[in-house]
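A short worksheet on the structure shown next.
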There are 2 protein chains.
Amino acid sequence: MDDTAPSDVPLRLTAAHRQLLDQVLDKWSLQVLDALCEAPRRFNELRREIPVVTQKSLTATLRRLERNGMIERVVLSTRPVAVEYRLSPVGAGLQDLIDALYHWTANVLPAVDRARARFDGDTADGR
Amino acid sequence: MDDTAPSDVPLRLTAAHRQLLDQVLDKWSLQVLDALCEAPRRFNELRREIPVVTQKSLTATLRRLERNGMIERVVLSTRPVAVEYRLSPVGAGLQDLIDALYHWTANVLPAVDRARARFDGDTADGR
DNA sequence: CCGCATCCTAAAGGATACTG
DNA sequence: CAGTATCCTTTAGGATGCGG
């Protein structure tokens, strides 16, 4: 993976980059990827694990992640049919990023809560 | 900020973490933060820079980021009024993450394009 | 210049029923 | 078990006009 010249890149997100991030970092995708980072999962395992996702949203999310090459869909020829979803090599590269996001949120969450309380308290003054 | 014990955390995203990420990593927020990483901006500067954002969406995004303590809103007492938005200390911690996201997307984008073409080509077979 | 309020459309997403 | 199809509600977000 040629990751040279990390300092002279424009460092602004282009449309193509944002489109990819939008398809991969949305609400449901994050949770699916988070689960698959741990181990491959079957469809209904994900459904149970993700709390309140509907079948429709989960299907759409899995299809989108598959289309973008983040996950692989493996049909096991058992009876009845079983389908397993697992991280692709490309998708596996997301582990570190999700990890970093997790640690960042964990660190700032207290400060964020304070900021929210402060903001919500400022309702009657000179805004 | 105590950033100890990075290895024995459960590493699963909780509802509170995801809610924060949802408020900060959405389509418009990413672009606003990306711009503010470079330098503070005025309202209409952001509007011009973000291409197709409407006033309503930009206002909503800025309010949400301000509420979560990611950015600070500074009213300059000029004539007419000028308002400057800048990254808060907490929000500044996002620079590295946005950076990491950028580099990841830049690296995988070719592979993603291939995956998309392959997926979209598989339309008539046994799916 | 900055932003709020209103209206309205388009898209996401839930509920439910049915199929290989 | 792993979906597809349909309907229907909720929300995001664009357009426009006004106010501080």
Side-chain angles (χ1 to χ4, degrees), chain A residues 15 18-19 21-32 35-36 39-68 71-86 119-120 122-127, chain B residues 15 18-19 21-32 35-36 40-68 71-86 119 122-127:
Chain A
R18 277 186 290 97
Q19 193 217 8
L21 290 175
D22 286 348
Q23 305 225 337
V24 156
L25 290 187
D26 65 286
K27 176 181 170 187
W28 297 127
S29 295
L30 254 186
Q31 297 178 73
V32 168
L36 295 186
R41 295 285 149 90
R42 303 246 306 270
F43 186 84
N44 281 329
E45 285 179 324
L46 287 171
R47 246 194 116 170
R48 277 187 293 274
E49 194 160 0
I50 303 231
V52 291
V53 71
T54 61
Q55 175 277 321
K56 182 183 178 179
S57 298
L58 182 55
T59 300
T61 300
L62 290 169
R63 284 292 169 282
R64 187 172 50 242
L65 290 175
E66 186 192 2
R67 190 177 107 90
N68 286 279
I71 66 176
E72 286 160 5
R73 182 176 177 273
V74 183
V75 180
L76 308 173
S77 303
T78 56
R79 264 300 330 233
V81 184
V83 179
E84 196 180 73
Y85 292 93
R86 57 181 61 188
F119 187 93
D120 296 344
D122 291 352
T123 42
D125 68 331
R127 162 80 81 202
Chain B
R18 277 185 290 97
Q19 193 217 10
L21 290 175
D22 286 348
Q23 305 225 337
V24 156
L25 290 187
D26 65 287
K27 175 182 171 186
W28 298 126
S29 295
L30 253 185
Q31 298 178 74
V32 167
L36 295 186
R41 295 286 149 91
R42 303 250 303 273
F43 186 84
N44 282 330
E45 286 180 324
L46 288 171
R47 246 193 117 169
R48 276 187 294 274
E49 195 159 359
I50 303 234
V52 291
V53 70
T54 61
Q55 176 277 319
K56 182 183 178 180
S57 299
L58 182 55
T59 301
T61 300
L62 290 169
R63 286 293 168 280
R64 188 172 49 243
L65 290 176
E66 187 192 0
R67 190 178 107 89
N68 286 280
I71 65 176
E72 286 161 5
R73 182 177 178 271
V74 183
V75 180
L76 308 172
S77 302
T78 57
R79 265 302 327 236
V81 184
V83 179
E84 197 180 74
Y85 293 93
R86 56 181 62 190
F119 186 93
D122 292 351
T123 41
D125 68 330
R127 163 77 85 203

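Because the structure is predicted, anything quoted here is derived from the model rather than measured. Below, chain A is the first sequence line, B the second, and so on; all start at residue 1.
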Does [X] make a side-chain N or O approach to OP1 or OP2 of [N] shorter than 4.0 Å?
X: B:Arg63; N: C:dC4; answer: yes
X: A:Arg42; N: D:dA2; answer: yes
X: A:Tyr85; N: D:dC1; answer: no
X: A:Arg73; N: D:dG3; answer: yes

Separation between CG of A:Leu58 and CZ of A:Arg63, rounded to the nearest 0.5 Å: 9.5 Å

Sub-4.5 Å side-chain heavy-atom contact between A:Leu36 and A:Leu46: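 They are in contact (side-chain heavy atoms under 4.5 Å apart), so the answer is yes.
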
Residue pair B:Ser29 / B:Leu65: nearest heavy atoms and the distance that separates them: OG-CD2, 3.9 Å

Contact state string [nucleotides 7-20 of chain D, B base, S sugar-phosphate only, - no protein heavy atom under 4.0 Å]: B-----BBB-----

DNA chain C stem ranges, 3 or more consecutive Watson-Crick or G-U pairs under 3.5 angstrom: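 So far as stems of 3 or more pairs are concerned, DNA chain C shows C:1-20 with D:1-20.
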
Without decimals, in angstroms, what is the distance between [X] [atom1] and [N] [atom2]?
X: A:Leu58; N: D:dT4; atom1: CG; atom2: C1'; value: 14 Å
X: A:Asp22; N: C:dA12; atom1: CG; atom2: C1'; value: 14 Å
X: B:Leu62; N: C:dC2; atom1: CG; atom2: C1'; value: 11 Å

Side chain to side chain contact (heavy atoms under 4.5 Å, CB included) partners for B:Gln31, two or more places apart: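 Once residues adjacent in sequence are excluded, the partners of B:Gln31 under the side chain to side chain contact (heavy atoms under 4.5 Å, CB included) criterion are A:Arg18, B:Lys27, B:Trp28, B:Ile50.
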
Any residue meeting side-chain hydrogen bond (donor to acceptor under 3.5 Å, both in side chains) with A:Arg42, in chain and number order, not counting sequence neighbours: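 In terms of side-chain hydrogen bond (donor to acceptor under 3.5 Å, both in side chains), with neighbours along the sequence ignored, A:Arg42 is linked to no residue.
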
Mind listing the side-chain donor-acceptor pairs of residues 74-83 of chain A below 3.5 Å, one per line with the distance, residues two or more places apart or on another chain?
residue: A:Thr78; atom: OG1; partner: A:Pro80; partner atom: O; Å: 2.8

Qualifying salt bridge (charged side-chain N to carboxylate O under 4.0 Å, His left out) pairs, either residue in residues 45-62 of chain B, two or more places apart: A:Arg12-B:Glu49, B:Arg41-B:Glu49

Salt bridge (Lys or Arg N to Asp or Glu O under 4.0 Å) partners of A:Arg64, counting only residues at least two apart: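 Counting only residues at least two positions away or on another chain, A:Arg64 forms a salt bridge (Lys or Arg N to Asp or Glu O under 4.0 Å) with A:Asp26.
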
